[in-house]
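Report on the structure given below.
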Amino acid sequence: MKAAIIHERGAAPVVGEFPAPIAQDGAVLIEVDTAGLGGWDVLGAYRLGVQYPCVIRGEGVGRAPDGRRVYFGERSVLPYGAWAERTLVPAEEVWDVPDDVDDRTAITMGIAATGALVPLEQARIQPGEQVLVLGATGTLGQIALQLARHLGAGRVVAAARSVEALARLKERGIADEVVALGSADDAAALKAAAGAGFDVVLDLVCGQPMIHALKATRWGARIMTIGTGAGRQVNLDIADLLFRTLSCIGTGQRPPADRRAIWERLLRIAREQAIQVDYADFAFEDAADAWAAQVSGPHAKITARVRSGEQASKETAT
């Protein structure tokens, strides 16, 4: 079968022939229609314990042997993954996709949207509160801004480094205000946008931006950290944290049934709230380009069509 293959640590994927998975008890063979790519797929591909060659993990939508259209996350049985014509996934990680949900929405409401909803709900946003999202221009950040408003925020502010991507968020009404990070005084810029202070910070980057954001919060603020793109170590002055709460949350470490329930709820919210997300769609053969785009920070959800609609129709007919 064709697959996007990583041959060694640090190498970019190459599309080529890879042995097809074989059915096994407790797992589902899936014919992949659409594959998604995210930041964890890049980080996880080079982690200790990975054996090469392997397929890009990713999440995706495809067809089970009984014809069901299903979503699966980035937990394919190694060495398989979403970026291949077929994959093998533990049965508990294979979830039915409703007929009215397109492939890209099913994928986006999986890992990324869960990463936004879980910490925002734990922050217990009160009606009218101000919410800041650090690292807001990526897929998770875009969704988080909209979910924060859905959960009752009165004002949502987006902070990130890309001026152009921030401008798009404001133009579309996804953010009420934006802050471009990387200035001579990011703390002052965040304070200026905060007014009386942020009540909730969803921190997707950690590092120095999180420290600057702390200074722009009010007493009683909740800071929810779920990412480390700007650095894992911080020089924290405890005075900046007094009368505030800082939590570090791993959003994916839940039983499959719990994650499935969150995903199904997010599908409903996405429809009811008309959640907007930017996409960058690649040809499957251009997996290396998709990978490079993810590494550079695409400000969009990357997807690729593995099987064409015509292919899927023919296979269903036979």
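By convention here, the first residue in the shown sequence is residue 1.
Residue Lys191 holds its NZ atom at 10.0 Å from OG1 of Thr217, rounded to the nearest 0.5 Å. Put simply, CH2 on Trp263 and CD on Glu59 are 10.5 Å apart, with the number rounded to the nearest 0.5 Å. Taking CD1 of Ile56 as the reference point, atom CH2 of Trp83 lies at 6.0 Å (rounded to 0.5 Å). To the nearest 0.5 angstrom, Ile211 atom CD1 is 9.0 Å from Asp237 atom CG. In this structure, CG on Asp176 lies 4.0 Å from CZ on Arg149, to the nearest 0.5 angstrom. Residue Ile249 holds its CD1 atom at 3.5 Å from CE of Met224, rounded to the nearest 0.5 Å.
Judged purely by atom type and a 3.5 angstrom limit, Arg244 uses its side chain to pair as donor or acceptor with the backbone of Leu242. Between the side chain of Arg57 and the main chain of Ser76, a donor-acceptor pair closer than 3.5 Å is present. Under a 3.5 Å cut-off, the side chain of Gln130 and the backbone N or O of Gly197 do form a donor-acceptor pair. Using modelled atom types, one side-chain atom of Glu129 and one backbone atom of Gln126 make a donor-acceptor pair closer than 3.5 Å. Within the 3.5 Å criterion, the main-chain N or O of Asp258 finds no donor-acceptor partner in the side chain of Arg254. Judged by distance alone, the side chain of Arg222 and the main-chain N or O of Ala123 form a donor-acceptor pair under 3.5 Å. Thr108 contributes no side-chain N or O that, together with a main-chain N or O of Thr105, makes up a donor-acceptor pair within less than 3.5 Å. Tyr46 places a side-chain N or O within 3.5 Å of a backbone atom of Ala11 that can act as its donor or acceptor partner. At distances below 3.5 Å, at least one donor-acceptor pair connects side-chain atoms of Asp41 with backbone N or O atoms of Gly58. At distances below 3.5 Å, not a single donor-acceptor pair connects side-chain atoms of Arg124 with backbone N or O atoms of Glu121.
A side-chain hydrogen bond (donor to acceptor under 3.5 Å, both in side chains) with Thr137 is found for one member of His299, Arg168, Gln142, Arg161 and no other, namely His299. The one candidate from Asp281, Asp102, Asp103 that meets the salt bridge (charged side-chain N to carboxylate O under 4.0 Å, His left out) condition with Arg305 is Asp103. Evaluated for a side-chain contact (heavy atoms from CB on, under 4.5 Å) with Leu246, the options Val201, Asp240, Leu241 yield exactly one hit, Leu241.
When side chains are defined from C-beta on, Met109 does not count as touching Ile269, because their heavy atoms never get closer than 4.5 Å. Looking only at side-chain heavy atoms (C-beta outward), Pro90 and Val77 come within less than 4.5 Å of each other. For the pair Ile6 and Trp291, the minimum side-chain heavy-atom distance is below 4.5 Å. Val70 is not listed as a side-chain neighbour of Val28, based on a closest heavy-atom distance of 4.5 Å or more. In this structure the side chain of Val277 reaches within 4.5 angstrom of the side chain of Ile143, judged on heavy atoms. A 4.5 Å side-chain heavy-atom check between Arg260 and Asp96 finds at least one atom pair inside the cut-off.
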Item to check | CA sep, side-chain torsions, deciding dist, call: Glu93, Arg259, salt bridge (Lys or Arg N to Asp or Glu O under 4.0 Å) | outcome: CA-CA 9 Å; Glu93 301 287 350; Arg259 286 185 279 105; 2.7 Å; yes

Item to check | Intermediate values then yes/no, salt bridge (Lys or Arg N to Asp or Glu O under 4.0 Å), Glu264 and Arg268 | outcome: CA-CA 7 Å; Glu264 290 173 342; Arg268 294 192 293 272; 5.3 Å; no

Checklist entry - salt bridge (Lys or Arg N to Asp or Glu O under 4.0 Å) between Asp278 and Lys301: does it pass, once the steps are laid out? => result CA-CA 6 Å; Asp278 289 329; Lys301 181 62 181 179; over 6 Å; no

Checklist entry - So Glu17 and Lys2, salt bridge (Lys or Arg N to Asp or Glu O under 4.0 Å) or not? Walk me through it. => result CA-CA 5 Å; Glu17 290 296 321; Lys2 288 191 181 303; 3.8 Å; yes

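Ring centroid separation for the pair Phe72 and Trp95 does not come in under the 6.0 Å cut-off.
Follow the hydrophobic side-chain contacts under 4.5 Å out from Val55 and you reach Val295 in the same cluster.
For Glu272, the CD atom is densely surrounded, since the number of other residues' heavy atoms within 6.0 Å is greater than 12.
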